Enquirer: 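Below is one structure. I have some questions about it.
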Amino acid sequence: PAHRHKFWFIFSMMKNEVTREAVNRLEYGEPNLVKDLFLILKECDPKKAHLAAKKYISHKNAQVRWEALDALDPKSSEETEAVVKIYRREKNRSVKKKAGSVILRTGNPESIGWMFASCEKDVFHPDNLPELVELCGQARAEAALPHLQRLYQRPPLFYFGNREDLRSAIITSAGRLKTADALELVRLGLKDRSRRVRETSEIILKLDE
């Protein structure tokens, strides 16, 4: 530790060489090295780190895809659309959740709205919408609250999958956001026709007292 700053200075003077080595090792390295390689690239050359992340989000190895998504910060509508497509089609649940988190962590209302719209229209993957709702709470995505409110108040006829499961997930995610508007949505759940939803709302509000 006493000499760490000296090594840091040396490596900072070798950024070009380190970048080339990291890019090469991403191409041929083991999946368990990918996380560290992306960290190195982000420090040495953020632009190349971004390009590498874009390249490897479609890698055949799930661990590599996960790390690439974790390193990706979508900077265009095309990149956002690519991540939304991954969320819709990805079979590995861990990678799928990471793709959703990438969009949610941007806090961009347009991108988040795009993902919700895509999931709501996707009749071939009905589980995508409730999973996205749960992810909103896990990611503390406050920008997603308008969509949670809209889904909760939408007529049941248009819900995909189990209506009660979806409404319960909405209330749970709103409770995790803990904003005044989110808690107001939780209070609406106290009057829900579903006993399960009512009980979930009651527990959340008592825990927040």
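Atom set for the values below is all heavy atoms of this structure, side chains included, hydrogens, waters and symmetry mates excluded. Nothing here was measured: the structure is a model prediction, and the numbers come from that model.
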Enquirer: Would a hydrophobic clustering, with Ile, Leu, Val, Met, Phe, Trp and Tyr connected at side-chain separations under 4.5 Å, put Val64 with Tyr87?
Expert: no

Enquirer: Quick check: are there more than 12 heavy atoms from other residues, nucleotides or ligands sitting under 6.0 Å from CZ of Arg105?
Expert: yes

Enquirer: Per the salt bridge (charged side-chain N to carboxylate O under 4.0 Å, His left out) rule, what does the pair list look like for residues 56-66, sequence neighbours excluded?
Expert: Arg65-Glu90

Enquirer: Only pairs under 3.5 Å count here: list side-chain donor-acceptor contacts from residues 29-42, not counting sequence neighbours, and write none if there are none.
Expert:
none

Enquirer: Between Thr200 and Arg196, is there a donor-acceptor pair closer than 3.5 Å when you use the side chain of the first and the backbone of the second?
Expert: yes

Enquirer: Do Leu166 and Arg163 have side-chain heavy atoms sitting under 4.5 Å apart?
Expert: no

Enquirer: So which heavy atom on Val18 is nearest to which on Cys44, and how close?
Expert: CG1-SG, 3.7 Å

Enquirer: Taking all atoms of both residues into account, what is the closest heavy-atom pair of Gly107 and Pro109, and its distance?
Expert: O-CD, 3.2 Å

Enquirer: I'd like to check the side-chain contact (heavy atoms from CB on, under 4.5 Å) partners of Ser94; sequence neighbours left out, ordered by chain and number.
Expert: Trp66, Asn92

Enquirer: Ring pair (Phe, Tyr, Trp, His ring centres under 6.0 Å) with His147: which residues, sequence neighbours excluded?
Expert: Phe116

Enquirer: Scan side-chain atoms only and decide if Tyr56 and Asn61 contain a donor-acceptor pair under the 3.5 Å cut-off.
Expert: no

Enquirer: Hey, could you give me the CD1/SG distance between Ile112 and Cys136, rounded to the nearest 0.5 Å?
Expert: 7.0 Å

Enquirer: Ser173 and Gly137: which non-hydrogen atoms are nearest, and at how many Å?
Expert: OG-N, 3.4 Å

Enquirer: With a cutoff of under 4.5 Å between side-chain heavy atoms, which Ile, Leu, Val, Met, Phe, Trp and Tyr residues group with Trp114?
Expert: none

Enquirer: For Glu184, what residues pass the side chain to side chain donor-acceptor pair (under 3.5 Å) criterion, not counting sequence neighbours?
Expert: Arg187

Enquirer: Are more than 12 heavy atoms, taken from residues, nucleotides or ligands other than Glu110, located less than 6.0 Å from that residue's CD atom?
Expert: no

Enquirer: Who else is in the cluster with Leu207 when I, L, V, M, F, W and Y are joined by side-chain contacts under 4.5 Å?
Expert: Ile203

Enquirer: Can you tell me if Ser168 uses its side chain to pair, donor with acceptor, with the backbone of Asp165 under 3.5 Å?
Expert: no

Enquirer: Sequence neighbours excluded, which residues qualify as side-chain contact (heavy atoms from CB on, under 4.5 Å) partners of Arg4?
Expert: Pro1

Enquirer: Pair up each side-chain donor or acceptor in residues 9-17 with any protein partner under 3.5 Å, not counting sequence neighbours, and list the distances.
Expert:
| residue | atom | partner | partner atom | Å |
| --- | --- | --- | --- | --- |
| Ser12 | OG | Trp8 | O | 3.4 |
| Ser12 | OG | Phe9 | O | 2.6 |

Enquirer: I need the Leu26 CG to His59 NE2 distance, nearest 0.5 Å.
Expert: 9.0 Å

Enquirer: Could you tell me which non-hydrogen atom of Ile204 sits nearest to which non-hydrogen atom of Gly175, and how far apart they are?
Expert: CG2-CA, 3.7 Å

Enquirer: When rounded to the nearest 0.5 angstrom, what distance separates CD1 in Ile171 from CZ in Arg176?
Expert: 13.0 Å

Enquirer: Stepwise, does the side-chain contact (heavy atoms from CB on, under 4.5 Å) test hold for Leu104 with Gln138?
Expert: CA-CA 10 Å; Leu104 292 172; Gln138 294 169 9; over 6 Å; no

Enquirer: Is there side-chain contact between Val95 and Lys98, with at least one heavy-atom pair below 4.5 Å?
Expert: no

Enquirer: Using side-chain contact (heavy atoms from CB on, under 4.5 Å), reason through Leu151 and Glu120 one step at a time and then give a plain yes or no.
Expert: CA-CA 10 Å; Leu151 286 173; Glu120 290 175 58; 3.9 Å; yes

Enquirer: Linking I/L/V/M/F/W/Y whenever their side-chain heavy atoms sit closer than 4.5 Å, directly or via other members, would Val23 and Leu72 fall into one cluster?
Expert: no

Enquirer: Hey, could you give me the CG/NE2 distance between Asp45 and His50, rounded to the nearest 0.5 Å?
Expert: 12.0 Å

Enquirer: My understanding is that only residues two or more places apart in sequence, or in another chain, count here; which of them pass side chain to side chain donor-acceptor pair (under 3.5 Å) with His3?
Expert: Lys6

Enquirer: So, applying side chain to side chain contact (heavy atoms under 4.5 Å, CB included) with Asp192, which one of Arg167, Glu164, Glu199 is it?
Expert: Arg167

Enquirer: Side chains of Lys191 and Arg198, heavy atoms from C-beta outward: is any pair under 4.5 Å?
Expert: no

Enquirer: Less than 4.5 Å apart, side chain to side chain, heavy atoms only: is that true for Lys97 and Glu134?
Expert: no

Enquirer: Below 3.5 Å, can you tabulate the donor-acceptor pairs from side chains in residues 124-133 to any protein atom, sequence neighbours excluded?
Expert:
| residue | atom | partner | partner atom | Å |
| --- | --- | --- | --- | --- |
| His125 | ND1 | Asp122 | OD1 | 3.3 |
| His125 | ND1 | Asp122 | OD2 | 2.9 |
| Asn128 | OD1 | Lys96 | NZ | 2.5 |
| Asn128 | ND2 | Arg88 | O | 3.3 |
| Glu131 | OE2 | Arg93 | NH1 | 3.0 |
| Glu131 | OE2 | Arg93 | NH2 | 2.8 |

Enquirer: Flag yes if Leu188 and Leu205 sit in one hydrophobic cluster, no otherwise; membership is Ile, Leu, Val, Met, Phe, Trp, Tyr, and two members link when side-chain heavy atoms are under 4.5 Å apart.
Expert: yes

Enquirer: Measuring from Asp70:CG to Ile57:CD1, what's the distance to the nearest 0.5 Å?
Expert: 13.0 Å

Enquirer: To the nearest 0.5 Å, what is the distance between OG (Ser76) and NZ (Lys54)?
Expert: 6.0 Å

Enquirer: Kindly write out the residues that satisfy side-chain contact (heavy atoms from CB on, under 4.5 Å) with Thr179, not counting sequence neighbours, or none if the list is empty.
Expert: Glu142, Leu145, Asp181, Ala182

